[in-house]
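Since the structure comes first, as structure tokens, the remarks are kept for the end.
Chain letters run A, B, ... following the sequence lines, proteins first, then strands; residues in each count from 1. All heavy atoms count here, side chains included; hydrogens, waters and symmetry mates do not.
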Amino acid sequence: MSPTFDAAGVRDDVVAWFDEHARDLPWRAPDRTPWGVLVSEVMLQQTPVVRVEPAWRAWMTRWPTPADLAAASTADVLRAWDRLGYPRRALRLQECARAVVERHGGEVPDDEAALLALPGIGSYTAAAVRAFAFGRRSVVLDTNVRRVIARVAAGTALPAPSQTVGEVALAGTFVPDDDATAARWAAASMELGALVCAARSPRCDACPVADRCAWRAAGRPGDEHAARRRTQAWAGTDRQVRGRVMALLREAIGPVPQDAIDAVWPDAVQRERCVDALVADGLVVRVPGRDDDAPPTYRLPA
DNA sequence: AATTCGGGGTG
DNA sequence: CACCCAGAATT
């Protein structure tokens, strides 16, 4: 990027674009709560907006506050999470609710360190909650913002596989000092990345900063890190096996017999490794049989 | 810095 | 069928 790159100009144009094109998402509604924002951010960790929206509505109707979720049965929480992916996130969200109740009197904290100390809340989510729930200045750097900045300022097709210190510093140059504008930039840059500056097929013709974009000026070169990116395999992995076990337990009314578990995956070694891991993760409970000979049963945590 | 952790929609 | 999705925690 040029040392005279006009980050402030880009920011202002993107914020103006956002005022016209922002999606009407429920966690942006005027009646949203900080807890609702936090729930949305955890659900959105690696799960697309279109799948989160209906789940979020149902979830917030059922458990509107941290205290409500803290008091819920974990089995109900995991069932409500359904197929949003990575069920450990649901577990962490309930742990987060309990921590908010115990440490902060049931109110989501607006302090960065306090947010980061909550289960399931990392650097992105802590910054996002500060910006979107409290309107405070923070450097919100998700996959969308990373891509927007990589293109417009660094001139690359995609950001590096892992986030760097320099990248965070560069992102900081776009964030103004005042809370309100900083929060708007956070939402606007994410929205631009999601709707226009997309990973797969960017719509540069609809981009408010196309004429300022270093990547476009360079002729939209290909991804320099393409060789090192490898999408995670799915078929045959432990993640698929774990997913099948969790799906079985979510749908079960009562205790699930060992036979039923055995039926979800043919490879006994892999299957047992996965079930053991799920038990260790706190996602599954193994109930010993009556006798030593009797096989155990399985269920979701109470 | 590299791995692991779901699941589904799309070009 | 590879790729992507408002990442976090662990090693």
Check every strand shown and say whether Gly122(A) touches a base, only sugar-phosphate, or nothing at a heavy-atom separation below 4.0 Å.
-> sugar-phosphate
Any N or O donor-acceptor pair linking the side chain of Arg83(A) to the base of dG7(B) at under 3.5 Å?
-> no
Under 4.0 Å between any heavy atoms, over every strand shown, what does Ala199(A) touch: base, sugar-phosphate, or nothing? Just pick one.
-> sugar-phosphate
Between the side-chain atoms of Arg200(A) and the base atoms of dC4(C), is any donor-acceptor pair under 3.5 Å?
-> no
Glu112(A) side chain to Ser138(A) side chain, donor-acceptor N/O pair below 3.5 angstrom = no
Does a distance-only test, which skips hydrogens and angles, find a donor-acceptor pair under 3.5 Å between the side chain of Thr143(A) and the base of dG7(C)?
-> no
Using a 4.0 Å heavy-atom cut-off across all strands, classify Arg230(A) as base, sugar-phosphate, or nothing.
-> nothing
With sugar-phosphate meaning primed atoms plus P, OP1 and OP2, does Leu25(A) contact a base, only sugar-phosphate, or nothing at under 4.0 Å between heavy atoms?
-> base
Sticking with atom P, work out how far dA6(C) lies from dG11(B), rounded to a whole angstrom.
-> 14 Å
Atom-pair distance (CD1 on Ile121(A); C1' on dA6(C)), nearest Å = 13 Å
Give one of base, sugar-phosphate or nothing for Arg242(A), where a contact means two heavy atoms less than 4.0 Å apart.
-> sugar-phosphate
Contact class for Ser162(A) (heavy atom, under 4.0 Å): base, sugar-phosphate, or nothing?
-> nothing
Using a distance-only test with no angle check, is there a side-chain donor-acceptor pair under 3.5 angstrom linking Arg32(A) and Ser40(A)?
-> no
Would you kindly give the CZ-to-P distance between Arg92(A) and dT4(B), to the nearest whole Å?
-> 16 Å
Looking at Arg23(A) and Glu53(A), does any basic side-chain N land under 4.0 Å from a carboxylate oxygen?
-> no
Over how many whole Å does the gap from Glu41(A) atom CD to dA6(C) atom C1' extend?
-> 6 Å
Which part of the nucleic acid does Thr237(A) contact within heavy-atom distance under 4.0 Å: base, sugar-phosphate only, or nothing?
-> nothing
Can you tell me if the side-chain N/O atoms of Arg250(A) get under 4.0 Å from OP1 or OP2 in dG7(B)?
-> yes
Could you state the atom-to-atom distance from CE of Met43(A) to C1' of dC5(C) in whole Å?
-> 16 Å
Taking all non-hydrogen atoms of both residues, which atom of Val241(A) and which atom of Arg271(A) are closest, and how far apart?
-> CG1-CA, 4.2 Å
Base, sugar-phosphate alone, or nothing: which one does Gln240(A) contact when heavy atoms must sit under 4.0 Å apart?
-> nothing
Any side-chain N or O of Ser123(A) less than 4.0 Å from the OP1 or OP2 oxygen of dG7(C)?
-> no
For dC3(C) and dG6(B), measure between their C1' atoms and round to the nearest Å.
-> 15 Å
Could you check how far CG of Leu44(A) sits from P of dG8(B), rounded to whole Å?
-> 17 Å
Sugar-phosphate only, base, or nothing, as touched by Arg23(A) at under 4.0 Å among non-hydrogen atoms = base
Would you indicate what Ser40(A) reaches in the nucleic acid, counting non-hydrogen atoms under 4.0 angstrom: base, sugar-phosphate, or nothing?
-> nothing
Rounded interatomic separation in angstrom, taking CD from Gln46(A) and P from dC3(C) | 16 Å
Name the nucleic acid region contacted by Arg273(A), choosing base, sugar-phosphate or nothing; use a 4.0 angstrom heavy-atom cut-off, strictly under.
-> nothing
Checking all strands, does Trp27(A) fall into the base, sugar-phosphate, or nothing category for heavy-atom contacts under 4.0 angstrom?
-> base
Donor-acceptor pair under 3.5 Å: do we get one between Arg51(A)'s side chain and the base of dG7(B)?
-> yes
Answer with base, sugar-phosphate or nothing: what part of the nucleic acid does Val49(A) contact at a heavy-atom distance below 4.0 Å?
-> base
Between Leu78(A) and Met246(A) the two heavy atoms that sit nearest each other are CD1-CE, 4.3 Å
Take atom CH2 of Trp234(A) and atom P of dG7(B), then tell me their distance rounded to the nearest Å.
-> 5 Å
Residues Glu41(A), Ile121(A); criterion side-chain contact (heavy atoms from CB on, under 4.5 Å); working and verdict | CA-CA 9 Å; Glu41(A) 292 302 338; Ile121(A) 308 298; over 6 Å; no
Return the 5'-most residue of the pair Arg147(A), Ala126(A) with respect to DNA chain C, ranking by each residue's nearest nucleotide.
-> Arg147(A)
Given dA8(C), dC4(C), dC5(B), the nucleotide with the shortest approach to the side chain of Tyr124(A) = dA8(C)
Please collect all ring-ring contact (aromatic ring centres under 6.0 Å, His included) contacts where either partner lies in residues 26-84 of chain A, sequence neighbours excluded, each pair once.
-> Trp27(A)-Trp56(A), Trp59(A)-Trp63(A), Trp59(A)-Trp81(A)
Using a cut-off of 4.0 Å on non-hydrogen atoms, how would the nucleic acid contact of Pro87(A) be classed: base, sugar-phosphate, or nothing?
-> sugar-phosphate
